[in-house]
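Worth knowing before you read on, the calculation uses all heavy atoms, side chains too, and leaves out hydrogens, waters and symmetry mates.
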Amino acid sequence: MDLTRRQLLWAGGALGATALLAGCADSDDGRPGGSATGGSGKPRKGGTLRVGALGRAGAVTRDPHGTQANESDYLILSLIYDTLTVPGRTPNTAPRLAARWTPSADLKTWRFTLAKGATFHDGSPVTAKDVVFSLRRLRATPAGASRLPGIQARNITAEGTGTVVLVSDYANAELPQLTRLTTFVVPDGTADKDMAEAPGTGPFTLDWFRGGNARLVRNDRWYGGEVHLDAIEVKIFESPQAMASALLAGQIDLASNVGAVAARTAKGRGDIQTVRRPNDMAMPLVLRTADGPFADPKVREALRLAVDREAMVKQVLSGYGSVANDVLGTGDPAYAKDLPQRTRDLARARKLLKEAGFDTSKTYELRTTEDISGLAESATLFASQVREAGVKIKVVKQESAVFWDKTWLKADLYTTYWGTNDSVVFFASKTMVSDSAQNEAGFKDRAFDAAYRKAIGTADATERAQLLKELQRIEYERSGYLLWGMADGIDLAGSAVRGLPTLPGYGRVQLEQAWLAR
């Protein structure tokens, strides 16, 4: 799998190894990221939270700027190292190592002021030089350009000891959102060979690490507030089934991203809590717009109208999800909820196919993988549904390596998947702007490009929201995405666990406010 693609999946909160996720938390305490899990009361200090996370021992990494192919690695790194900002609910970007940020009038230059009292685990203060070193190192990774688009390494500089300056190649009102994702900070000058042992700034310090398993202990110096747990132990599991079994057997307290199958298995168990996170993963179909049989917008509209979205959510996601409307970025506060919800209309679909001169005598290939649970199933059900509109689809399952090398970005019709704890402009910049490196559908639309540039270059929030609506309208009407539904995310937890995060994507690994009621 392409390194850039893999790291972008992480940035959006999805991982190839993860199972189909499920659902929505019942409560929210208002913190960045929110929290849930049964019961109430004042947080209790102490105890060790035993967490299961998916991963493979052969893919373990200790480098905070490396490719985190394992969810277990990402969880561990996110507790040891802080990012500049973190996901929030409203607004969707909240302070962390950066206490505040201010833009220039032209939205090209951003100054990030570091939090007072922030130190590394060895007690040394965090300075702007440390952040500059870390961001430049991140920028030099295979996915660095996508992590920090428009930010050249030479334009990441220090201003005194407490301010970091980022200068973008273009006006970008959304730049602080980019710093939420894996902008982990290590001391200035840390050698690559020493990166695995580099001290972090996060709420936990590393006690030991063995083969992907780790024990983390509370960092009492942490500048970010009180941490309740004494320690977190992370255990790596290669399958959600094994992880769920360990939870049910009392061997772990939290099964992270365990999936809908496990949720159904645990249903009715009074000693098990289900923590559901809405809109955790998108699994759209990609229809190539640049050329080929789906280049005509009428054909793409016909296929969108041929889908029974309610049935897709019910059957593919087992009901652990929600109907979507062909626009990526459903978690964005600026998401255009006023766009008419598409519903199935076979008569209209057949009419559009006829107007477009679509050849219904041919059979078209839909390529997919089994990277995540439900992906191949979504392709099969889609093929069955559109046949009622006269379109014949053959589902071709490919091995992951073949799919990402031969199909992704190239095929006429294929499945993909993305995490969604990001903005509408994140997906626009990564997958739909004409010159984007991951333009999955070969989508080139001058009006879309212009709306994107104008939106990110507009400081006024009200005006920008209107521009983002226009951006989404174009995506809704003629992009190459058929986004039929959103999968939720799910954790299973023991009855004593409290304060788990409820936001999708990176927000789900913010365990610093978790505690044990025992």
Discussion item. Taking salt bridge (charged side-chain N to carboxylate O under 4.0 Å, His left out) as the definition, give me every residue that meets it alongside D73, ordered by chain and number, with sequence neighbours left out.
Written reply: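 Here no residue qualifies.
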
Worksheet item: Which residues satisfy the salt bridge (charged side-chain N to carboxylate O under 4.0 Å, His left out) test with R218, sequence neighbours excluded?
Response: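 Testing R218 for salt bridge (charged side-chain N to carboxylate O under 4.0 Å, His left out), a comparison that skips the adjacent residues, returns D220, D230.
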
Worksheet entry | CA sep, side-chain torsions, deciding dist, call: L229, T48, side-chain contact (heavy atoms from CB on, under 4.5 Å) | CA-CA 6 Å; L229 294 166; T48 297; over 6 Å; no

Quick check: does any side chain N or O of [X] sit under 3.5 Å from a backbone N or O of [Y], one acting as donor and the other as acceptor?
X: S384; Y: T380; value: no
X: N70; Y: S72; value: no
X: H228; Y: G499; value: no
X: R62; Y: A196; value: yes
X: E377; Y: Q315; value: no
X: R221; Y: H121; value: yes
X: T431; Y: Q438; value: no
X: W515; Y: V227; value: no
X: Q385; Y: D308; value: yes
X: D332; Y: V424; value: yes

Item to complete: Please test Q472 against K337 for side-chain contact (heavy atoms from CB on, under 4.5 Å), starting from the C-alpha separation and ending with a verdict.
Response: CA-CA 10 Å; Q472 292 173 78; K337 297 178 181 178; over 6 Å; no

Going by heavy atoms in the side chains, are [X] and [Y] under 4.5 Å from each other?
X: P43; Y: R498; answer: no
X: V86; Y: T93; answer: no
X: S436; Y: F443; answer: no
X: P149; Y: L178; answer: yes
X: M281; Y: W418; answer: no
X: N219; Y: F204; answer: no
X: V323; Y: E310; answer: yes
X: Y223; Y: L97; answer: yes

Pairing donors with acceptors under 3.5 angstrom, does anything connect the side chains of [X] and [Y]?
X: Q177; Y: S423; result: yes
X: T416; Y: E440; result: yes
X: R264; Y: S318; result: yes
X: T85; Y: T179; result: yes

Fill in: S78 and Q510: CA distance, side-chain angles, deciding distance, side-chain hydrogen bond (donor to acceptor under 3.5 Å, both in side chains) verdict
CA-CA 7 Å; S78 298; Q510 296 173 246; over 6 Å; no

Looking at [atom1] of [X] and [atom2] of [Y], how far apart are the two atoms once the value is rounded to the nearest 0.5 Å?
X: D122; Y: T201; atom1: CG; atom2: OG1; value: 11.0 Å
X: D488; Y: Y320; atom1: CG; atom2: OH; value: 10.0 Å
X: T182; Y: L77; atom1: OG1; atom2: CG; value: 10.0 Å
X: T183; Y: L148; atom1: OG1; atom2: CG; value: 8.0 Å
X: D82; Y: F184; atom1: CG; atom2: CZ; value: 9.0 Å
X: S479; Y: M432; atom1: OG; atom2: CE; value: 6.0 Å

Item to complete: Report yes or no: is the cationic atom of K235 (NZ for Lys, CZ for Arg) closer than 6.0 Å to the six-membered ring centre of F237, at no more than 45° off its axis?
Response: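 K235 over F237 ring: yes.
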
Note: [X]-[Y] ion pair, threshold 4.0 Å (strictly below):
X: E301; Y: R342; answer: yes
X: E71; Y: R56; answer: no
X: R309; Y: D326; answer: yes
X: K406; Y: E399; answer: no

Item to complete: Decide yes or no on side-chain contact (heavy atoms from CB on, under 4.5 Å) for T407 and Q398, but give the supporting numbers first.
Response: CA-CA 9 Å; T407 294; Q398 295 180 315; 2.6 Å; yes

Worksheet item: So, for Y481 and F427, is the gap between ring centers shorter than 6.0 Å?
Response: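 Here the rings of F427 and Y481 have centres that are no less than 6.0 Å from each other.
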
Discussion item. Please identify which of these residues, I232, V275, V51, V234, meets the side-chain contact (heavy atoms from CB on, under 4.5 Å) condition with L254.
Written reply: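 It is V51, the one option of I232, V275, V51, V234 that forms the side-chain contact (heavy atoms from CB on, under 4.5 Å) with L254.
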
Item to complete: Would you mind telling me which of L468, N279, L328, N325 makes a side-chain contact (heavy atoms from CB on, under 4.5 Å) with Y335?
Response: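 Among L468, N279, L328, N325, the one that satisfies the side-chain contact (heavy atoms from CB on, under 4.5 Å) with Y335 is N325.
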
Discussion item. My understanding is that only residues two or more places apart in sequence, or in another chain, count here; which of them pass side chain to side chain contact (heavy atoms under 4.5 Å, CB included) with Q241?
Written reply: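 Partners of Q241 by the side chain to side chain contact (heavy atoms under 4.5 Å, CB included) criterion, ordered by chain and then number, come out as S239.
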
Worksheet item: Does CD belonging to E365 count more than 12 external heavy atoms closer than 6.0 Å?
Response: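 Enclosed: over 12 neighbouring heavy atoms sit under 6.0 Å from CD of E365.
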
Worksheet item: E233 and R50: salt bridge (Lys or Arg N to Asp or Glu O under 4.0 Å), yes or no, with the steps?
Response: CA-CA 5 Å; E233 292 181 357; R50 300 166 301 169; over 6 Å; no

Compare every heavy atom of [Y] with every heavy atom of [X], then report the nearest pair and how far apart it is.
X: A262; Y: L492; value: O-CD1, 3.7 Å
X: A428; Y: L471; value: CB-CD2, 4.0 Å
X: W101; Y: A94; value: CH2-C, 3.9 Å
X: A57; Y: I236; value: N-CD1, 4.0 Å
X: I76; Y: G212; value: CD1-O, 3.9 Å
X: G485; Y: V313; value: CA-CG2, 4.3 Å

Fill in: Test log, rule side-chain contact (heavy atoms from CB on, under 4.5 Å), inputs I393 and T363
CA-CA 5 Å; I393 298 290; T363 298; over 6 Å; no

